[in-house]
Amino acid sequence: MDKGNRTTMEFIFIGFSVIPELQFFLFTTFLCIYNISMAAHMFLIVLYNLSSNLHTPMYFFLANFSFLEECYISTITPNMLKNLLSKHKTIPFLGCAVQMYCFLLLGSTECYLLAVMAYDRYNAICHPLLYNVIMSRNACVKLIVNSWLIGLMAAIIQTSLTFSLDYCGPNKINHFYCDVPPVMALACSDTRFNEIVTFIIVLCVAVGAFLSIIVSFARIIWTIIKHHSSAGVKKAFSTCTSHLIVVTIFYGSVSVMYLRPKTSYGTNMDKFLSLMYTVIAPLLNPFIYSLRNNDVKTAVKRLMKILQL
């Protein structure tokens with residue numbers, strides 16, 4: 001790739017081309033996953049808007065989370081599906097920048113939205129009498145907006161730094177989308193400053209949000225122990241277990257992917273780790289949050305009765 005007019009530059013995705021015999025199988029599998037994910041998240045959004053018993057801060061955040069997840073998977077999966085059936089797995093330089101920006105914006109926002117949802121559970125269980133005051137509609141909207149603003153800043157910084165580097169050598173990205181590590185690995189200029197900034201942003205965004213989640217759940221557990229309430233234990237685990245599972249899947253795979261040295265990037269394991277938080281997690285999340293949730297089950301039953309009339 002010659003250094004010059006960036007509007008004419010292209011990157012080539014290696015993706016899953018190392019296993020050509022599985023291309024159609026992977027396409028069919030990921031297409032099904034994408035359609036199911038989109039339908040499940042859309043169902044939760046519609047259910048929230050149509051069910052008055054779900055008009056609480058917890059489900060307000062869950063509906064926003066579902067919208068975020070739909071945008072998140074739509075940033076990556078459609079292009080990945082196209083490349084699985086295409087001989088020319090290319091993306092323009094500017095197109096790669098746009099995809100990276102959208103992915104970082106949505107991913108960083110999700111980190112803080114998960115923290116906000118944990119904070120909501122903390123207030124519901126530890127401060128039940130003040131819950132409606134603390135988590136007012138205005139407060140909930142501010143928390144959502146602040147999550148998006150943090151994601152916006154993180155995405156602008158990382159994307160601008162990554163694409164300000166010189167790319168004059170190989171143009172094959174050993175990945176299925178434009179992520180920071182595999183794109184930065186192709187740069188022919190010094191990337192040490194970018195690596196430091198990326199590490200700091202990951203610490204501030206992902207690790208910072210994760211620590212706030214840990215603090216929220218630690219306080220929940222301490223409140224339960226202090227009050228020796230079996231009813232409290234049941235309530236806490238019924239409302240928090242699902243969130244803990246989602247947090248573990250998302251943060252576990254993201255941490256392994258980003259909090260390691262540059263020399264370990266570019267392996268096929270990276271692609272499977274990325275699949276966990278870009279494809280698999282968005283598929284599982286709506287089912288994790290709804291299958292064991294009595295409020296959602298009640299809302300579904302009411303909706304079914306209305307549709308039968």
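Values reported hereafter were calculated over all heavy atoms of this structure, with side chains retained and with hydrogens, waters and symmetry mates removed.
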May I have the step-by-step check of side chain to side chain contact (heavy atoms under 4.5 Å, CB included) for Leu113 and Ile144, ending in yes or no? CA-CA 7 Å; Leu113 186 54; Ile144 293 291; 3.4 Å; yes
Working note: Leu44 + Glu69, criterion side chain to side chain contact (heavy atoms under 4.5 Å, CB included); need CA distance, chi angles, decisive distance, verdict. CA-CA 12 Å; Leu44 285 180; Glu69 290 274 78; over 6 Å; no
How far apart are the C-alpha atoms of Cys102 and Cys71, what are their side-chain angles, what is the distance that settles it, and do they pass the disulfide bond (SG atoms under 2.5 Å apart) test? CA-CA 9 Å; Cys102 293; Cys71 297; over 6 Å; no
Pair Val141, Phe60 - check side chain to side chain contact (heavy atoms under 4.5 Å, CB included), show working. CA-CA 9 Å; Val141 171; Phe60 172 72; 4.2 Å; yes
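By the ring-ring contact (aromatic ring centres under 6.0 Å, His included) test, Phe65 pairs with Tyr289, sequence neighbours left out.
Proximity of Pro181 to His175: side-chain heavy atoms (C-beta onward) are nowhere separated by under 4.5 Å. At least one side-chain heavy atom of Thr162 sits less than 4.5 Å from a side-chain heavy atom of Tyr167. A 4.5 Å side-chain heavy-atom check between Ile173 and Cys96 finds at least one atom pair inside the cut-off. Put simply, the side chain of Met80 does not reach to within 4.5 Å of the side chain of Phe13, judged on heavy atoms. For the pair Pro182 and Asn174, the minimum side-chain heavy-atom distance is 4.5 Å or more. Residues Phe30 and Ile33 are in side-chain contact: their nearest non-hydrogen atoms beyond the backbone lie under 4.5 Å apart. Side-chain atoms of Ile45 and Glu70, non-hydrogen and from C-beta on, do get closer than 4.5 Å to each other. Inter-residue side-chain proximity for Leu84 and Phe176 is flagged as unmet; no heavy-atom pair is nearer than 4.5 Å.
Checking Ser160 against Tyr101 by side-chain atom types alone, no donor-acceptor pair falls below 3.5 Å.
Proximity of a side-chain donor or acceptor of Ser136 to a complementary backbone N or O of Ala139 within less than 3.5 Å is detected. Not one N or O on the side chain of Gln99 forms a donor-acceptor pair closer than 3.5 Å with the backbone of Ile76. Of the possible donor and acceptor atoms, none in the side chain of Asn83 sits under 3.5 Å from a partner among the backbone N and O of Lys89. Ser242 places a side-chain N or O within donor-acceptor distance of the main-chain N or O of Ile288, the cut-off being under 3.5 Å.
Residue pairs that meet the salt bridge (charged side-chain N to carboxylate O under 4.0 Å, His left out) test with at least one member in residues 173-191, sequence neighbours left out, are Asp190-Arg192. Sorted by first then second residue, the side chain to side chain donor-acceptor pair (under 3.5 Å) pairs that include residues 36-52, not counting sequence neighbours, are His41-Ser66, Tyr48-Arg137. Sequence neighbours left out, not one pair with a member in residues 107-155 passes disulfide (SG to SG under 2.5 Å). Applying the ring-ring contact (aromatic ring centres under 6.0 Å, His included) rule to pairs touching residues 103-123 yields Tyr72-Phe103, Phe103-Tyr177, Tyr122-His127, sequence neighbours excluded.
Note: the hydrophobic cluster containing Leu54 also contains Met117 (ILVMFWY, side chain heavy atoms under 4.5 Å, direct or indirect links). Following chains of ILVMFWY side-chain contacts shorter than 4.5 Å, one can reach Phe250 starting from Ile245, so the two form part of one hydrophobic cluster. Residues Val215 and Val116 do not share a hydrophobic cluster, clusters being chains of Ile/Leu/Val/Met/Phe/Trp/Tyr side chains in contact below 4.5 Å. Residues Trp222 and Ile220 fall into different hydrophobic clusters, defined by Ile, Leu, Val, Met, Phe, Trp and Tyr side chains chained together at heavy-atom separations under 4.5 Å. Using a 4.5 Å cut-off between side-chain heavy atoms of Ile, Leu, Val, Met, Phe, Trp and Tyr, with links allowed through other members, Ile12 and Leu81 fall into different hydrophobic clusters.
Of all the heavy atoms in Pro282 and Thr278, the pair that sits closest is CG-O, 3.7 Å. Annotation for Thr56 and Asn53: closest pair CG2-O, 4.2 Å, computed over non-hydrogen atoms. For the pair Thr90 and Lys82, the tightest heavy-atom approach, listed with the atom from each and the gap, is O-NZ, 4.3 Å. Heavy atoms only, all atoms of each residue included: Asn171 and Leu186 are closest at C-CD1, 4.0 Å. Considering all non-hydrogen atoms of both residues, Tyr251 and Ala209 come closest at OH-CB, 3.2 Å. Between Val296 and Tyr59, the closest heavy-atom pair is CG2-CE2, 3.9 Å.
The CD atom of Glu110 sits 5.5 Å away from the CG atom of Leu68 when rounded to the nearest 0.5 Å. The CG atom of Leu283 lies 12.0 Å from the CG atom of Leu275; values are rounded to the nearest 0.5 Å. Rounded to the nearest 0.5 Å, atoms CZ (Phe43) and CE (Met38) are 16.0 Å apart. Taking CG of Leu161 as the start and OG1 of Thr198 as the end, the distance is 7.0 Å to the nearest 0.5 Å. Residue Ile36 holds its CD1 atom at 9.5 Å from CG of Leu31, rounded to the nearest 0.5 Å. Here the CZ atom belonging to Phe193 is positioned 12.0 Å from the OG1 atom belonging to Thr191, to the nearest 0.5 angstrom.
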Listing, residues 146-159 side-chain donor-acceptor contacts under 3.5 Å, not counting sequence neighbours, or none:
unit_1: Asn146; atom_1: ND2; unit_2: Lys142; atom_2: O; d: 3.2
unit_1: Ser147; atom_1: OG; unit_2: Leu143; atom_2: O; d: 2.9
unit_1: Thr159; atom_1: OG1; unit_2: Ala155; atom_2: O; d: 2.7

